[in-house]
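Report on the following structure.
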Amino acid sequence: MSKTSAQIYVLYTGGTIGMDGRPLAPMPASRLQRLLETMPGFDSSTLTLHPLDDRELRINYVLDAFDEPIDSSAMTPNDWVMIARRILDRYADYDGFVVLHGTDTMAWTTSALAFLLEGLAKPVIVTGSQVPLAQTRTDALRNLVTAMQLAATSGVPEVGLFFDVALYRGCRAAKVSTSAFEGFASPNYPPLATAGITIDVSESLVRLPPPIESSMQRPEHRARVAARLEAIEQALPRFSVLSLVLYPGIQTSNAIEVLLDATEPPVRGLVLQAFGEGNAPSTPSFLEALRRAHDRGVVIVDGTQVVQGSVNVDAYQSASGLEQAGAISGYDMTPEAAQAKLVYLLGLGLSQQEVEVLMQRNLRGELRAESGPTRGLVFAEH
Ligand code: ASP
């Protein structure tokens, strides 16, 4: 029997996977470690698997954790940066990374990590579960073991979200069920891999590894990414990014003004989850409020609240008002990806125009711009 082995880093941030009690709350990392050691195939530092070929796979793991593991509904952009930094600091020492995370805001974190970890050349697999690992009838063990195997052996140079039977691109995934084991979907991009008896990676759907000069394999590039994380962390207390789901009747309220004027720190980005292909009411006072915000420097993204498909601002006259007010198309980005991308780009200190251009450009496989070249400046790829 041939043997293969790999080293992976597992970061436990909290979430149902590590919860117990009633109502559920995250257990401390030391207890999760002890629980893990009672699971088949695990000891204190190794997971041994015998996939259905003649190899033995030994995954040497280190379990690290947030000082206080949290329910993911308490996650903030600061936590996204902290997770990215933990991975970056250990990048050279491991073959892959697993993040254990609550399902509620997992899609924001996986989107944010995709942007923050620019030049990633190893797998970062985020997973969690609907039922705690501590319970007998649970999806946690399967999700965890498969995520560890993907991190150890797949080589996928992306932030992925593994859940149930599928590995999704992190910046394409969305939570779609509060109770089904199939808790996530990727409505606008097929899964990168599916896990049945074997784990099958769809290589043609996976992003190519980054060019060597901008790859995290190089210490110089890692230093650049670390400096960017630092800059973003410094900038976070100085701006807000809001998300607003449009609804029939919004034009007769002053919701937009109140939201934009009363929010502290000041709003620099707004993700509109508009109707259909990016449509909105054309009431002058509503559009005027948006135009004023845009003139004050707010980046406004015309996204859709519809789960599948893309914004197409040319399809209906009712999208043209938003465009004239200064909104840019969110194409087929999920609201989670759009929000995380705005936080990332604004955190880098880019100008309104630069952010508008990059929001419409595919940076990590998060969007497909179907309607020709992007509006606005030609901006040097960074
Ligand atoms: N409230 C939990 C969390 O997001 C839900 C879960 O993990 O499934 O942390």
Side-chain angles (χ1 to χ4, degrees), residues 10-36 39 63-84 86-87 97-114 116 124-148 150-151 159-187 191 195 241 243 245 307 334-337 339-340 343:
V10 181
L11 176 64
Y12 166 51
T13 69
T16 295
I17 191 162
M19 290 191 185
D20 63 357
R22 227 161 251 292
L24 288 168
M27 62 174 79
S30 54
R31 201 129 60 77
L32 183 66
Q33 174 75 54
R34 284 200 300 278
L35 177 63
L36 260 189
M39 298 289 152
L63 180 69
D64 193 9
F66 274 15
D67 292 343
E68 301 260 332
I70 56 174
D71 186 295
S72 78
S73 51
M75 282 277 166
T76 66
N78 278 300
D79 295 310
W80 303 341
V81 174
M82 177 156 70
I83 298 169
R86 297 259 187 134
I87 292 169
F97 303 84
V98 170
V99 179
L100 304 181
H101 195 289
T103 60
D104 290 348
T105 67
M106 193 183 282
W108 279 268
T109 299
T110 53
S111 298
L113 290 179
L116 293 170
V124 172
I125 312 294
V126 184
T127 195
S129 65
Q130 298 282 35
V131 177
L133 183 65
Q135 292 189 18
T136 306
R137 187 175 162 276
T138 180
D139 55 335
L141 184 61
R142 202 174 76 182
N143 287 352
L144 172 66
V145 170
T146 314
M148 289 174 75
L150 281 162
V159 176
L161 187 158
F162 180 78
F163 218 82
D164 193 32
V165 294
L167 177 69
Y168 304 108
R169 174 168 295 158
C171 53
R172 287 289 198 168
K175 184 170 177 176
V176 293
S177 174
T178 58
S179 56
F181 285 162
E182 197 181 347
F184 284 81
S186 172
V241 173
S243 186
V245 183
V307 174
T334 60
E336 294 90 332
Q339 172 112 15
V343 170

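Both ligands and their constituent atoms are indexed starting at 1 by order of listing. None of the values given here were measured: they were computed from a predicted structure. We use all heavy atoms of the structure for the numbers below, so side chains are in, but hydrogens, waters and symmetry mates are not.
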What are the atoms of ligand 1, with element, lying closer than 4.0 Å to any heavy atom of [X]?
{"X": "G15", "result": "7 (O), 9 (O)"}
{"X": "T16", "result": "2 (C), 5 (C), 6 (C), 7 (O), 8 (O)"}
{"X": "S129", "result": "8 (O)"}

### Task
Considering heavy atoms of the protein only, find what lies nearest to atom 8 (O) of ligand 1 and give residue, atom and distance to 0.1 Å.
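The protein heavy atom lying closest is T103 OG1, 2.5 Å.
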### Task
List the closest protein heavy-atom neighbour of atom 9 (O) of ligand 1: residue, atom name, distance to the nearest 0.1 Å.
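Nearest neighbour among protein heavy atoms for atom 9 (O) of ligand 1, to 0.1 Å: S72 N, 2.7 Å.
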When you compare ligand 1 with [X], is there at least one nitrogen or oxygen pair between them that comes in under 3.5 angstrom?
{"X": "H101", "value": "no"}
{"X": "S73", "value": "no"}
{"X": "K175", "value": "no"}

### Query
Within the distance-only criterion (no hydrogens, no angle test), does the side chain of T138 pair as donor or acceptor with the backbone N or O of P132 below 3.5 angstrom?
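Side chain of T138 to backbone of P132: a pair is present.
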### Message
If we ignore hydrogens and angles and just use 3.5 Å, is the side chain of Y12 paired with the main-chain N or O of G18 as donor and acceptor?
### Response
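A pair under 3.5 Å: yes.
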### Task
Output the distance between atom CD1 (I125) and atom OG1 (T146), rounded to the nearest 0.5 Å.
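Between atom CD1 of I125 and atom OG1 of T146 there are 10.5 Å.
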### Value rounded to 0.5 Å, distance of CG in N143 from CZ in F181
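Nearest 0.5 Å value for the CG-CZ distance: 9.0 Å.
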### Task
Determine whether the side chains of T109 and H101 contain a donor N or O and an acceptor N or O closer than 3.5 Å.
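Distance-only check passes for T109 and H101.
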### Query
Out of L11, L32, V126, which one pairs with L100 under the side chain to side chain contact (heavy atoms under 4.5 Å, CB included) rule?
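When side chain to side chain contact (heavy atoms under 4.5 Å, CB included) is applied between L100 and each of L11, L32, V126, only L32 qualifies.
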